[in-house]
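Following: one structure in structure tokens, then a few remarks.
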Amino acid sequence: MSKSVTPRTPKGFRDFLPETMLRRNYVLSNITDEFHRFGFEPIGTPILELHETLFGKYGEDAEQLIFTAQHGRSTREPLAMRYDLTVPLARVVGQYENELNFPFKRYHIAPVFRGERPQRGRYREFWQCDADIVGVPGMSADAEIVSLMQRILSRLGFPQFQIKINHRQLLVAIGEFSGVPQEQLPDLYRSVDKFDKIGAEGVRRELTERGIAADAVSRMMDLIQAKAAGAGSLDLIADAIGEDDQGIAELRELAALLAEAKVPPACYEFDFTMARGLGYYTGPIFETVISQPNLGSITGGGRYDNLIGMFRRQSLPTTGTSFGIERIIDLMDELNLYPGRLGGTLVQVLVTVFNQATRGASMRIAEELRGAGINTELYLPSRKLGRQFQYADKKGIPVVVIIGPDELAAGVVKLRRLADGSETTVASSGAVEAALTLLSQTP
RNA sequence: GUGGGCGUAGCUCAAUGGCAGAGCACCUGAUUGUGGUUCAGGCGGUUGAGGGUUCGAGCCCCUUCGUCCACCCCA
């Protein structure tokens with residue numbers, strides 16, 4: 001006997017039991033389905049990448065969080081675990097350029113790894129769910145990304161959400177117009193991004209502490225808080241800094257396209273306080289928030305025209321979004337947005353086995369139900385009927401089939417719906433139909 | 001990376017430094033053709049781990065691990 005080991009997962013890594021996994025799969029299959037509806041196609045890439053593929057792409061702070069990997073003592077190919085799905089996309093585009101048909105619309109749903117200290121909604125292994133369009137410089141691609149976000153979140157049943165839209169170059173223009181020195185712009189973004197959390201005063205204080213002139217901070221704060229319905233906030237900004245700005249021009253075009261795409265105006269707004277981590281964005285940026293329970297943003301993305309250049313002599317214009325599915329799932333749990341049929345099991349019918357002599361008959365019924373597309377579990381252990389019912393009840397299986405000696409002799413099957421205890425007896429040839437009827441009447 | 005809270009039965013939690021408990025869950029029976037109700041009984045512990053103080057530690061001290069929260073940063 002080996003010494004017993006305390007069973008546990010590594011810090012920040014999680015297991016998912018069936019009930020949880022069913023909910024995760026429900027969310028992912030709905031998102032996937034909508035990706036397909038928009039013509040996005042999947043790719044898959046390895047969990048491990050070459051060390052050199054990942055390093056040098058995220059900045060020093062982030063690189064400390066990258067998991068590295070090795071096999072035995074081999075150091076011939078230093079390896080690392082993927083940190084996101086965007087760099088792998090850039091590598092794939094660079095590597096298979098000749099085989100891809102541009103514009104390349106791909107989605108990628110897979111786990112990524114970051115050695116951060118875990119917290120609520122924050123893990124060392126978490127799934128990312130990205131959709132990106134490579135090769136389209138114009139706002140038509142960005143409009144499609146926004147439209148996709150709106151369709152997916154509506155489909156998942158979120159009663160209310162706000163897609164916030166801003167523009168990287170417009171933020172630069174606002175900073176410069178206000179007199180914030182170029183080298184302090186990153187500080188400015190970082191603070192402005194916390195607007196929702198720490199408020200206008202908090203941002204003002206932080207920027208002043210970082211040594212940005214008070215009058216520049218004041219001018220900037222006034223500008224970024226410009227808010228009006230629809231494209232109205234664009235007018236406010238344009239009045240102040242002038243119409244001659246690429247950010248404003250692109251956002252105006254985007255607004256027009258979103259109207260054409262019939263994206264409901266209530267779902268999105270131009271919000272100049274939204275900055276995103278910044279990093280590699282070069283154009284419009286997107287983020288979705290839900291205000292009811294405030295858990296932060298559930299999507300994030302934007303245009304990053306330079307990134308693919310890391311694996312290619314010339315870059316390709318790219319825009320896309322990432323769905324924060326871990327948070328989306330948390331929120332859906334909290335708001336109870338799952339359909340009732342999801343329950344705790346996917347089994348629809350349990351076929352009981354009365355005794356060894358009737359086992360064959362039960363197996364035949366189960367086989368028939370499965371053939372008709374009904375998720376059917378045959379009770380495998382030899383236990384008395386009461387235990388088999390208890391099992392079905394505890395697991396949430398809606399319908400139980402009984403075929404004992406009496407039924408066998410009479411050539412019938414009995415079906416019982418556990419929710420209300422209603423029972424029907426039908427000729428064994430009618431088992432499938434009876435099961436379907438009972439199931440369809442179950443909410 | 002910084003600061004803090006919490007680790008007791010499978011789960012949720014009790015227990016002035018003085019006999020380690022309850023509810024739920026689980027198992028058995030009442031009930032050898034029917035679950036979710038009820039009743040009776042039962043199983044369940046190196047109090048996260050290691051050290052220290054004490055006549056005596058779940059409780060106090062140190063170390064360590066885990067976990068949660070707030071920062072940093074981000075998804």
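Numbered from 1 within each chain, the chains take letters A, B, ... in sequence-line order. Just the heavy atoms: all of them, side chains too, but no hydrogens, waters or symmetry mates, feed the values below.
With rounding to whole Å, A:Q390 atom CD is found 12 Å from B:U31 atom C1'. The distance from atom CD1 of A:I285 to atom P of B:C74 is 13 Å, rounded to the nearest whole Å. For A:Q119 and B:U2, the CD to C1' distance is 12 Å, given to the nearest whole Å. Rounded to a whole Å, the CD1 atom of A:I402 is 13 Å from the P atom of B:G33. Atom OH in A:Y281 sits about 6 Å away from atom P in B:A75, given to the nearest Å. As rounded to whole Å, 14 Å separates atom C1' of B:C73 from atom CZ of A:R124. For A:R8 and B:C65, the CZ to C1' distance is 7 Å, given to the nearest whole Å. In this entry the distance linking CD of A:E206 with P of B:C71 reads 12 Å, nearest Å.
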Could you pull out all donor-acceptor pairs under 3.5 Å where a side-chain atom in residues 365-375 of chain A meets a protein atom, sequence neighbours excluded?
| residue | atom | partner | partner atom | Å |
| --- | --- | --- | --- | --- |
| A:R370 | NE | A:T376 | O | 3.1 |
| A:R370 | NH2 | A:T376 | O | 3.1 |
| A:N375 | ND2 | A:L346 | O | 2.9 |

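Using a 4.0 Å cut-off, some side-chain N or O of A:R276 falls inside it from OP1 or OP2 of B:A75. Between A:R117 and the phosphate of B:C68, there is no side-chain N or O to OP1/OP2 separation shorter than 4.0 Å. Note on A:R383: a side-chain N or O is less than 4.0 Å away from OP1 or OP2 of B:U28. Residue A:K384 has no polar side-chain atom (N or O) positioned under 4.0 Å from OP1 or OP2 of B:U31. For the OP1/OP2 pair of B:C26 and a distance below 4.0 Å, the side-chain nitrogens and oxygens of A:R387 include no atom meeting the criterion. Residue A:Q388 has no polar side-chain atom (N or O) positioned under 4.0 Å from OP1 or OP2 of B:G35. Regarding contacts with the backbone of B:G35, every side-chain N or O of A:K395 stays at 4.0 angstrom or more from both OP1 and OP2. Distances shown here put every side-chain N or O of A:K414 at or beyond 4.0 Å from the OP1 or OP2 atom of B:G33.
Among the protein residues, A:E407 comes within range of the nucleic acid bases, having at least one heavy atom under 4.0 Å from a base atom. Using a 4.0 Å heavy-atom distance criterion, A:G324 is classed as making no nucleic acid contact. A:Q64 comes within 4.0 angstrom of no nucleic acid atom, judged by non-hydrogen atoms across all strands. A:D84 comes within 4.0 angstrom of no nucleic acid atom, judged by non-hydrogen atoms across all strands.
Ring centers of A:F272 and A:H167: at least 6.0 Å apart, outside the cut-off. In this structure, A:Y304 has its ring center closer than 6.0 angstrom to the ring center of A:Y280. You'll find the ring centres of A:Y83 and A:Y58 inside the 6.0 Å limit. Checked against the 6.0 Å centroid criterion, the rings of A:Y391 and A:Y379 qualify as a close aromatic pair.
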Please tabulate, one pair per line, each protein N/O and nucleotide N/O from nucleotides 38-46 of chain B that are separated by under 3.5 Å, including the distance.
none

